[in-house]
Amino acid sequence: MTGYEEVVHHREPDYSEAQRSLIARLEADLAIQLERKKHRLAHSLSVASCAEGLALAYGADPFEARLAGTLHDWDKALTSEQVLARARELGVDMGVDPVLVVPLLHGIVAARDLPVRYPEVPSEVWHAIEVHTTAAPEMSPLDMVLFVADGIEPLRQKSPGIEETRALVGKVALPDLFWDSFVGGIIYVLKGSRYLWPGTIDTYNKLAAARAGSGA
Ligand SMILES: [Fe+2]
């Protein structure tokens, strides 16, 4: 099995002409969308490539992973006020204090708005984008690939938690890799005394129960 370095430096699959042209169009649109956020643009393209590599390593769909990575932070172009306003318009359940959940909203808002703009993108991609900040009790392989790639793409600064997950690439099954990344993210939130979204505790418990049930 391939490790982190191979995932990062993988060879692009032999995509069809139509697939290649969709990737090029999305990348060009993203460059305009994130024109004033060069780091975010570089991160998005890096997640796209990392997700594609993880998908190849773990038997998920590399094309869908590439699309999901490319578009996952589309709404990071919005200000906090804008993303909050759009989430309200869309009727997203934000709990008692919407301001505290602002960092989680960009994926949900993009997953609801972008299908209108890109109807040719498969619905699985939108689901992966919807759950990429929060995770969910049910995670498909594509959901897990995007979640992990977002956390470990090579432009992310090293931290003990990120290094731990990177070292597990190719050594453990995808659900275990995702679990390490998910739990690492929670630890990061707790250690930084940041707000932990209550839904994350529920997701954690459901995933933990499912893992216990499966003997993991
Ligand atoms: Fe991201």
Side-chain angles (χ1 to χ4, degrees), residues 4 7-8 23 26-27 29-55 60 62-80 82-84 86-87 92 100-115 118 121 124-136 139-159 161-166 169 174 177-189 192 194-197 199-200 203:
Y4 179 66
V7 160
V8 169
I23 290 169
L26 297 183
E27 287 179 355
D29 291 352
L30 186 74
I32 295 167
Q33 173 75 1
L34 295 177
E35 208 170 13
R36 287 198 292 271
K37 303 212 164 181
K38 295 293 180 208
H39 288 296
R40 187 60 59 180
L41 175 61
H43 161 74
S44 297
L45 298 176
S46 185
V47 171
S49 174
C50 188
E52 183 181 73
L54 282 172
F63 179 63
E64 291 180 357
R66 176 80 172 261
L67 301 186
T70 304
L71 296 176
H72 82 287
D73 275 350
W74 179 275
D75 274 334
K76 281 281 188 179
L78 302 180
T79 63
S80 298
Q82 287 170 330
V83 79
L84 206 47
R86 189 64 190 131
V92 176
L100 291 172
V101 297
V102 163
L104 306 175
L105 295 176
H106 66 280
I108 299 165
V109 169
R112 305 224 185 150
D113 279 340
L114 285 180
Y118 300 113
V121 171
E124 290 79 7
V125 170
W126 305 124
H127 187 264
I129 290 175
E130 171 143 21
V131 300
H132 92 266
T133 55
T134 58
M139 295 287 282
S140 72
L142 183 68
D143 297 340
M144 292 192 272
V145 156
L146 178 62
F147 188 98
V148 172
D150 193 21
I152 65 169
E153 60 91 357
L155 299 180
R156 277 230 191 256
Q157 256 186 2
K158 280 187 182 185
S159 76
I162 290 173
E163 287 303 288
E164 183 185 298
T165 309
R166 284 174 178 162
V169 171
L174 183 56
L177 185 68
F178 159 69
W179 180 251
D180 188 81
S181 182
F182 175 63
V183 172
I186 295 173
I187 291 169
Y188 171 81
V189 168
R194 293 174 179 83
Y195 174 76
L196 182 69
W197 182 55
T200 302
T203 298

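From a predicted model like this one, the values you see are computed outputs, not experimental measurements. First listed ligand is number 1; within each ligand, the first listed atom is number 1. Side chains are part of it too, since the values below use all heavy atoms of this structure and drop only hydrogens, waters and symmetry mates.
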**Prompt:** List-wise, which protein N, O or S atoms are found short of 2.8 Å from the Fe ion (ligand 1)?
**Reply:**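 For the Fe ion (ligand 1), the protein N, O and S atoms that sit under 2.8 Å away are H43 NE2, H72 NE2, D73 OD2, D150 OD1.
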Identify each donor-acceptor pair in which a side-chain atom of residues 31-38 lies under 3.5 Å from a protein atom, sequence neighbours left out, and give them as a table.
unit_1 : atom_1 : unit_2 : atom_2 : d
Q33    : NE2    : W74    : O      : 3.0
K37    : NZ     : K76    : O      : 2.9
K38    : NZ     : E35    : O      : 3.3

**Asked** Crowded around Y118 OH? As in, over 12 foreign heavy atoms under 6.0 Å?
**Response**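 More than 12 heavy atoms, drawn from other residues, nucleotides or ligands, come within 6.0 Å of this atom.
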**Request:** Output, in order, the C-alpha distance, side-chain angles, deciding distance and verdict of side chain to side chain contact (heavy atoms under 4.5 Å, CB included) for L71 and W126.
**Result:** CA-CA 9 Å; L71 296 176; W126 305 124; 3.7 Å; yes
**Item:** ring-ring contact (aromatic ring centres under 6.0 Å, His included) partners of H43, counting only residues at least two apart
**Value:**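 Result, ring-ring contact (aromatic ring centres under 6.0 Å, His included) vs H43: H72.
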**Contacts of type ring-ring contact (aromatic ring centres under 6.0 Å, His included), residue F63, not counting sequence neighbours** =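 ring-ring contact (aromatic ring centres under 6.0 Å, His included) list for F63, sorted by chain: Y15.
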**Request:** Using only heavy-atom distances, determine whether the side chains of H132 and H127 contain a donor-acceptor pair under 3.5 Å.
**Result:**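 Side chains of H132 and H127: no pair found under 3.5 Å.
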